Amino acid sequence: MASLRVKPGQRLTVSDWHSNSHQISSNAERQRWGSHCTRQEARGLRSETSNKTKWDEQDTCTRLSDRIDEVTKWKDSLLKCLEDVDTEIKALTTVKESTEKALAATSLPLDVAIECLTLREGRRGNDLVRDPVEAELHKEVEVIDRARKVLQQKVSQAFEQLCLLQEVRQQLTFDLRHKIEALDVDRSCLSLNVNSAGLSLKLSPSRVPPGSTDPQQWEKFSHYNCNRAQEEMRASTQLREAMRVIMGQTHNELEAQRVACDFALRKRHRELERALDELHWQQSNMKEEIQEMENDLRGLEDDLQAKMAPLKLAHTRLETRTYRPGADLCRDQVQHGLTDEVQQLEGTMTALKQKRAQSQDVLHALSQQLTRIEEDIACKTSSLSLERRSLDTRSKLIVPPEKHVPETDTFNRTLSPVKSRQLELA
């Protein structure tokens, strides 16, 4: 009888089979319960996070709105402070210009006095004297300078204060511009919602950008700018009041000194005219004598030139006769006559040259004296011209000074080193 072949492998018992089925059912029940719990937790988390997201978004909008209100408040404060600074700058500029006009009113007499001193420094030789005119002009400069110092100081202070106000204004403008830009950014953020276009995930959006500040630093910065602006405006107001007080003139002293200077100048002008007339008379006589001497010198020169041809002729004859041959090279009467002729011509020319040299010395002395006279005439003429120019320059002081206010930089108006040295000579 054939045997039944059994499939190789381990055989389970019925009890093992029931245990395995029960285990599979238990695992399925447990997996479904775990899934049910996970689903319930997920639903709870979804509900919780959905509400929290809405509340967080609402809270962010509220904070943005509060921040916008706070920044707007500071923007309005900065804008008001900036308007006050602009008003103060305009007021200080107006007072400064008035002070400059008061200072410029003294510029014409000072310019005229310095110009006269400078012109008279052009005198040369013996005319460069310390006369009463120079003393009066230096006195006039001192009188005017005393009236200018305080005004010049206040104008300089106003210029420095304007620079400070401009610096404050620039800082306020800088802060205000940043506040406006920050408002635009925050308002743009406030207007966004989940349905807005252009939303995307960003790389590290929660990073802290370089240069970030905390709220205390931010508020302190704007508070400092406003406080500094207030301090500079108070200082500017005090300076304006002081500048209004210091606007005075010493017209009577300037007028008295002008009359004294004009009188001294006219007196000196008349003295120079008399001295120049005397020098012109001496110059005319000296030129006549020089002309006579030059004529005589030309005669001597003509005589010397006239003797040159006969001397050349005698020299040539003597030299030519030295080539006679042999015994014919004889010292005959012709030879002696030519020798005597040469000696006589040379003696005559020597005497003429001596007299010419003597005449030239005399002419040189006359020319030197004439040169001294002409130099003195030139000095006197130049000095007289300078005195006339000084009188013409000072004639501007007769016209009301406001018609001659020069357009100069009163902030940097100082005497040149040459003029300062000239004033120190007094």
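As the structure is a prediction and not an experimental result, all values here were calculated from the model. We're numbering straight along the sequence, starting at 1.
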Quick one: does [X]'s side chain have a donor or acceptor within less than 3.5 Å of a partner on [Y]'s backbone?
X      : Y      : value
Gln257 : Glu136 : yes
Ser35  : Gln31  : no
Ser284 : Trp281 : no

Side chains of [X] and [Y]: donor-acceptor distance under 3.5 Å anywhere?
X      : Y      : answer
Gln369 : Arg372 : yes
Thr72  : Lys179 : no
His364 : Gln368 : yes

Report the distance from atom [atom1] of [X] to atom [atom2] of [Y], rounding to the nearest 0.5 Å.
X      : Y      : atom1 : atom2 : answer
Leu162 : Lys96  : CG    : NZ    : 6.0 Å
Asp184 : Ile68  : CG    : CD1   : 10.0 Å
Arg123 : Cys379 : CZ    : SG    : 11.0 Å
Asp145 : Gln152 : CG    : CD    : 10.0 Å
Leu391 : Arg268 : CG    : CZ    : 13.0 Å
Lys267 : Asp131 : NZ    : CG    : 10.5 Å

Any heavy-atom pair between the side chains of [Y] and [X] that's under 4.5 Å?
X      : Y      : answer
Leu164 : Val168 : no
Arg120 : Leu265 : yes
Leu363 : Ser367 : yes
Asp262 : Arg266 : yes
Leu239 : Met243 : yes
Val71  : Trp218 : yes
Lys149 : Gln153 : no
Gln230 : Cys81  : yes

Inspect the contact between [Y] and [X] and indicate whether a charged nitrogen and a carboxylate oxygen are less than 4.0 angstrom apart.
X      : Y      : answer
Asp86  : Lys90  : no
Glu88  : Arg240 : yes
Glu115 : Arg389 : no
Lys80  : Glu83  : no
Arg388 : Asp392 : no
Arg32  : Glu29  : yes
Glu97  : Lys101 : no
Arg258 : Glu140 : no
Glu70  : Lys73  : no

For a side-chain contact (heavy atoms from CB on, under 4.5 Å) check, start with the C-alpha distance between Phe159 and Glu100, then their side-chain angles and the critical distance, and finish with the verdict.
CA-CA 11 Å; Phe159 177 76; Glu100 288 174 350; over 6 Å; no

Decide yes or no on side-chain contact (heavy atoms from CB on, under 4.5 Å) for Asp111 and Lys396, but give the supporting numbers first.
CA-CA 11 Å; Asp111 286 343; Lys396 293 186 292 186; over 6 Å; no

Please find the pair of heavy atoms, one from [X] and one from [Y], that lie closest to each other, and give the distance.
X      : Y      : result
Ala158 : Leu92  : O-CD2, 4.0 Å
Met286 : Leu366 : SD-CD2, 3.7 Å
Ile377 : His280 : CG2-CE1, 3.8 Å
Thr381 : Leu276 : OG1-CD1, 3.7 Å
Leu137 : Cys261 : N-SG, 3.8 Å
Thr106 : Ile144 : O-CG2, 3.7 Å

Enclosure of [X] [atom1] (heavy-atom neighbours >12, cutoff 6.0 Å):
X      : atom1 : value
Gln344 : CD    : no
Asn227 : CG    : yes
Gln170 : CD    : no
Tyr224 : OH    : no

Check step by step if salt bridge (charged side-chain N to carboxylate O under 4.0 Å, His left out) holds for Arg244 and Glu241.
CA-CA 5 Å; Arg244 288 193 181 98; Glu241 295 300 326; 3.2 Å; yes

Does the side chain to side chain donor-acceptor pair (under 3.5 Å) test come out yes or no for Lys355 and Gln358, once each step is laid out?
CA-CA 5 Å; Lys355 184 56 65 177; Gln358 183 181 0; 3.1 Å; yes

Steps toward salt bridge (charged side-chain N to carboxylate O under 4.0 Å, His left out) verdict (Glu387, Arg270)
CA-CA 10 Å; Glu387 301 298 348; Arg270 287 192 296 269; over 6 Å; no

Under the criterion side-chain contact (heavy atoms from CB on, under 4.5 Å), I'd like the reasoning laid out for Ser236 against Leu165: C-alpha separation, chi angles, the key distance, then a yes or no.
CA-CA 8 Å; Ser236 177; Leu165 288 173; 3.8 Å; yes

Determine, step by step, whether Glu121 and Leu117 satisfy the side-chain contact (heavy atoms from CB on, under 4.5 Å) criterion, reporting the C-alpha distance in whole Å, the side-chain angles of both residues, the deciding distance to 0.1 Å, and the verdict.
CA-CA 6 Å; Glu121 284 297 320; Leu117 285 170; 5.6 Å; no

